[in-house]
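Have a look at the structure below before the remarks.
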Amino acid sequence: PQSSSMNRYLEKGDVDSAYKVACLGVTESDWKTLALAALQAMQLDIARAAFIRLRDVRAVELVNRVATGLAAGTPRGLLPADVAAWQGKFNEAAKLFVSEGHLDKALEMFTSMRMFDEAKQWAEEAARSGQGVKGAGGAAAGGAAAVAELIGRQAEWSEET
């Protein structure tokens, strides 16, 4: 297999050449490495081709969602957060969402998975630091309101179960 050659190209950030080498023959785990590297580099055609090669339908859907987001004008900084969330790196995703001023997306991510404690932790941190909501003069107030809303959502969910 051409694994070592592909990895050298990936280390240099040359995803195009890494893809060409992968087509000569690499392992399935190498294809996954290539697909994720291409996705991180926002080289969506290569990421899509690699995930198709792996027959990973969920990953192809993610690539399509990222491409649609780019076309719709979604801020480029939010897309790596979506990818991190998809990979199960929820704290990293939350950090990226908050750094882009979208505390709401981080809280939505955690609450959709019923991870209320983590959501409250991020909301409280945003309230203390005053970040998380771009364009809002009172980010601390927004963080405090978010904590109150989270407590309400958690109570509703507890009643349902």
Side-chain angles (χ1 to χ4, degrees), residues 7 10-13 15 18 28-52 54-161:
N7 287 324
L10 288 178
E11 287 170 8
K12 293 179 184 176
V15 178
E28 200 165 300
S29 67
D30 289 332
W31 276 107
K32 185 164 185 134
T33 299
L34 173 63
L36 294 173
L39 190 56
Q40 290 291 339
M42 292 293 151
Q43 294 198 17
L44 302 181
D45 290 338
I46 293 174
R48 184 181 294 110
F51 283 127
I52 288 172
L54 292 167
R55 295 182 182 97
D56 190 340
V57 176
R58 282 186 48 230
V60 173
E61 289 172 356
L62 171 70
V63 172
N64 292 338
R65 200 168 54 237
V66 168
T68 303
L70 279 174
T74 300
R76 208 166 165 84
L78 290 180
L79 299 174
D82 286 334
V83 172
W86 178 81
Q87 290 177 307
K89 300 175 183 175
F90 303 120
N91 283 321
E92 181 181 329
K95 188 185 303 182
L96 292 167
F97 281 132
V98 170
S99 71
E100 288 294 315
H102 288 276
L103 173 63
D104 57 325
K105 289 191 176 289
L107 300 181
E108 180 183 330
M109 174 185 67
F110 285 121
T111 57
S112 69
M113 296 181 294
R114 309 293 188 230
M115 297 172 74
F116 294 105
D117 292 337
E118 289 84 350
K120 281 188 257 184
Q121 180 181 351
W122 279 96
E124 289 167 353
E125 177 60 33
R128 275 195 301 277
S129 67
Q131 45 174 176
V133 184
K134 279 190 178 171
V147 172
E149 183 183 340
L150 287 170
I151 291 170
R153 282 191 201 173
Q154 187 174 12
E156 288 173 15
W157 180 74
S158 295
E159 288 175 0
E160 291 173 6
T161 56

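From a predicted model like this one, the values you see are computed outputs, not experimental measurements. FYI, the numbering just counts along the sequence from 1.
Closest approach of Ile46 to Ala38, counting heavy atoms only: CG2-CB, 3.8 Å. Taking both residues in full, the closest heavy atoms of Leu44 and Val63 are given as O-CG1, 3.6 Å, listed atom of the first, atom of the second, then distance. Heavy-atom minimum distance, Arg48 versus Ala67: NH2-CB, 4.0 Å. Listed here is the closest heavy atom pair of Leu96 and Ala81: CB-CB, 3.6 Å. For the pair Ala119 and Thr111, the tightest heavy-atom approach, listed with the atom from each and the gap, is CB-CG2, 4.1 Å. Shortest non-hydrogen contact noted between Ala93 and Ala85 is CB-N, 3.6 Å.
Of the inter-residue distances, the one linking Leu78 atom CG with His102 atom NE2 reads 4.5 Å to the nearest 0.5 angstrom. Note that CE of Met115 is 7.0 Å distant from CG of Asn91, once rounded to the nearest 0.5 Å.
Within the 4.5 Å cutoff, no side-chain heavy atoms of Glu92 are placed close to those of Pro80. Two residues are said to be in side-chain contact when any heavy atoms from C-beta on lie closer than 4.5 Å; Val98 and Glu125 fail this criterion. The side-chain heavy atoms of Leu62 and Phe51, taken from C-beta on, include no pair separated by under 4.5 Å.
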Stepwise side-chain contact (heavy atoms from CB on, under 4.5 Å) check, Met42 with Arg76: CA-CA 9 Å; Met42 292 293 151; Arg76 208 166 165 84; 3.3 Å; yes
Worked check of side-chain contact (heavy atoms from CB on, under 4.5 Å) between Asp82 and Arg65: CA-CA 9 Å; Asp82 286 334; Arg65 200 168 54 237; 5.8 Å; no
Phe97 vs Met109, side-chain contact (heavy atoms from CB on, under 4.5 Å): CA-CA, chis, key distance, verdict: CA-CA 10 Å; Phe97 281 132; Met109 174 185 67; 4.3 Å; yes
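Relative ring orientation between Phe110 and Trp122 is described as parallel, the plane-to-plane angle staying below 30° on a 0-90° scale split at 30° and 60°.
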